[in-house]
Amino acid sequence: MIKACLFALLLPLTSVLGADLLTVAADNGCRQIVDLIHSAGLDSTLRSAKSVTLFAPSDDAMARVPTEVLDLLQHNATLLSRVLQFHAVPQVARAADVTNDLLLPTLAGGGLKLRMNVYTSSVVDVVSLTPVIQEHRTKTVVTAEGSAVIRTDLAADNGIVHVIDKVIYPLPSQNIPIVLTFEPHLSSLAYLIFESTLTDTLAGEAFTVFAPSNAALNKLSGQLYNDLLMNLTRLQELVNTHVVRGVMFSSGLTNGKQLTNVQGTQLSIHKGQGEMKVNHIAVTRADIPASNGVIHVIDTVIMPK
């Protein structure tokens, strides 16, 4: 079923046989990433490499990269090279072979792997208003480290190109507790996780964390905060309320979706007009990748029921 949906929804553009990966990418709306690859001195490597899958951000995706991130990459040759190499997989990974939570090795090395996810949801289309007639269909979204794959299997003479809708950055180089510790506005949650003795758990399995920012935790009264630190059970309940098993990037979180957190209660997703909320709490930053999952930042603590 999933493979059939992939072919139905992600039909590739015609590519020119006999062209290398970078030529195919440039000819299919990814010229800016090809220019970056050239400026980083990686073009000869990717043109001569064999059996490579290139996840190429579209020119529209490149235009949405924050200026400060683009400046950082352009002024840090080592980081730029590592980010670009992460977009390339040293094997041919066709759409039909993608499974949920598939981990692919990358040219970035160092054990860095790119996570593929397949999200399927039900969609209702209104096909008539008089009378009202609705049709139900299944929608499938495939992501590469949270970036939606919008064109697949563009054939090159040394591999294939998949076009994605976002640049993959930052890279998933650390597990969830470490990412939280070193994110400037999430260190307070990292401390609570440490105090709750859940660090090893959250470093091991695959999770999605709706992470209250430091400012969100500062909204708690001093008495409540101290009570949490003095009561391990309550503290664990608080942490587990924000954690869901499995990896759910924002592309897989549809409006109205219900998630069961580790605490066993429900989290409701609301999406619309470019915004996402969980239990009516705003997600201020989505899709921070980790080696074992993903983090979404929220502006208010979700209290256990």
Side-chain angles (χ1 to χ4, degrees), residues 1-13 15 21 24-25 28-34 36 53-66 69 83-84 86-89 93-104 106 113-123 125 137-154 160-172 206 208 244 246-257 259 269-278 283 285-290 293-297:
M1 174 64 74
I2 288 176
K3 292 183 179 180
C5 290
L6 288 176
F7 283 118
L9 295 173
L10 300 173
L11 295 177
L13 294 182
S15 52
L21 288 166
V24 171
N28 285 275
C30 305
R31 186 167 297 278
Q32 290 187 41
I33 195 69
V34 171
L36 265 185
T53 299
L54 177 64
F55 291 88
S58 68
D59 288 340
D60 287 341
M62 291 295 298
R64 291 192 297 271
V65 176
V69 172
V83 170
L84 293 173
F86 186 80
H87 287 72
V89 170
R94 301 188 185 279
D97 300 324
V98 171
T99 55
N100 193 47
D101 279 330
L102 174 68
L103 294 175
L104 296 172
T106 69
K113 293 187 177 182
L114 186 151
R115 183 183 296 273
M116 302 294 297
N117 287 101
V118 181
Y119 301 117
T120 302
S121 59
S122 297
V123 178
D125 295 320
R137 61 184 174 88
T138 298
K139 178 181 179 181
T140 298
V141 176
V142 179
T143 63
E145 210 61 52
S147 299
V149 180
I150 54 179
R151 296 173 190 159
T152 68
D153 294 348
L154 303 175
I160 59 172
V161 176
H162 300 308
V163 181
I164 57 177
D165 72 346
K166 289 188 294 185
V167 175
I168 302 172
Y169 183 83
L171 302 183
T208 299
V244 175
V247 183
M248 297 297 302
F249 286 95
S250 60
S251 293
L253 294 172
T254 54
N255 186 46
K257 189 174 185 64
L259 302 172
I269 302 299
H270 302 273
K271 295 181 80 171
Q273 299 181 336
E275 297 180 340
M276 182 168 72
K277 295 183 178 182
V278 54
V283 175
R285 181 182 173 190
D287 297 336
I288 301 175
V294 64
I295 299 163
H296 307 295
V297 183

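Hydrogens, waters and symmetry mates are skipped; everything else that's a heavy atom, side chains included, is used. No experiment lies behind these values; they were computed from the predicted model shown.
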From [atom1] ([X]) to [atom2] ([Y]), nearest 0.5 Å:
X	Y	atom1	atom2	result
His296	Met248	NE2	CE	8.0 Å
Ser250	Lys166	OG	NZ	4.5 Å
Leu103	Glu145	CG	CD	8.5 Å
His87	Ile168	NE2	CD1	4.0 Å
Leu36	Met62	CG	CE	4.5 Å
Lys139	Tyr119	NZ	OH	13.5 Å

Subject >> Heavy atoms from other residues, nucleotides or ligands near CZ of Arg64 exceed 12 (cutoff 6.0 Å) >> reply: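 More than 12 within 6.0 Å, yes.
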Are [X] and [Y] packed together at the side-chain level, in the sense that at least one heavy-atom pair is separated by less than 4.5 angstrom?
X	Y	value
Val294	Asp287	yes
Met116	Thr99	no
Cys30	Arg151	no

Subject >> Atom of Val163, atom of Ser58 and distance for their closest heavy-atom approach >> reply: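 Smallest heavy-atom distance, with atoms named: CG1-CB, 3.9 Å.
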Original post:
Hey, does the side chain of Asn28 reach the backbone of Val24 with a donor-acceptor pair shorter than 3.5 angstrom?
Top reply: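 The answer is yes, because a donor-acceptor pair under 3.5 Å joins these two groups.
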Original post:
So, the side chain of Asp59 versus the backbone of Arg31: is there a donor-acceptor pair under 3.5 Å, distance only?
Top reply: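 Judged by distance alone, yes, a pair lies under 3.5 Å.
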Subject >> side-chain hydrogen bond (donor to acceptor under 3.5 Å, both in side chains) partners for Lys113, two or more places apart >> reply: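 With sequence neighbours excluded, Lys113 shows a side-chain hydrogen bond (donor to acceptor under 3.5 Å, both in side chains) to no residue whatsoever.
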Original post:
Can you name the one residue among Val142, Val141, Asn100, Leu102 that meets side chain to side chain contact (heavy atoms under 4.5 Å, CB included) with Asn117?
Top reply: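 Checked Val142, Val141, Asn100, Leu102 against Asn117; only one passes side chain to side chain contact (heavy atoms under 4.5 Å, CB included): Asn100.
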**OP:** Check step by step if side chain to side chain contact (heavy atoms under 4.5 Å, CB included) holds for His270 and Asn255.
**Re:** CA-CA 5 Å; His270 302 273; Asn255 186 46; 4.0 Å; yes
Original post:
After noting the C-alpha distance and the side-chain angles of Met276 and Leu253, does the key distance pass the side chain to side chain contact (heavy atoms under 4.5 Å, CB included) rule?
Top reply: CA-CA 9 Å; Met276 182 168 72; Leu253 294 172; 3.9 Å; yes
**OP:** Evaluate the side chain to side chain contact (heavy atoms under 4.5 Å, CB included) criterion for residues Thr140 and Val118: first the C-alpha distance (whole Å), next the side-chain angles of each, then the deciding distance (0.1 Å), finally the verdict.
**Re:** CA-CA 7 Å; Thr140 298; Val118 181; 3.8 Å; yes
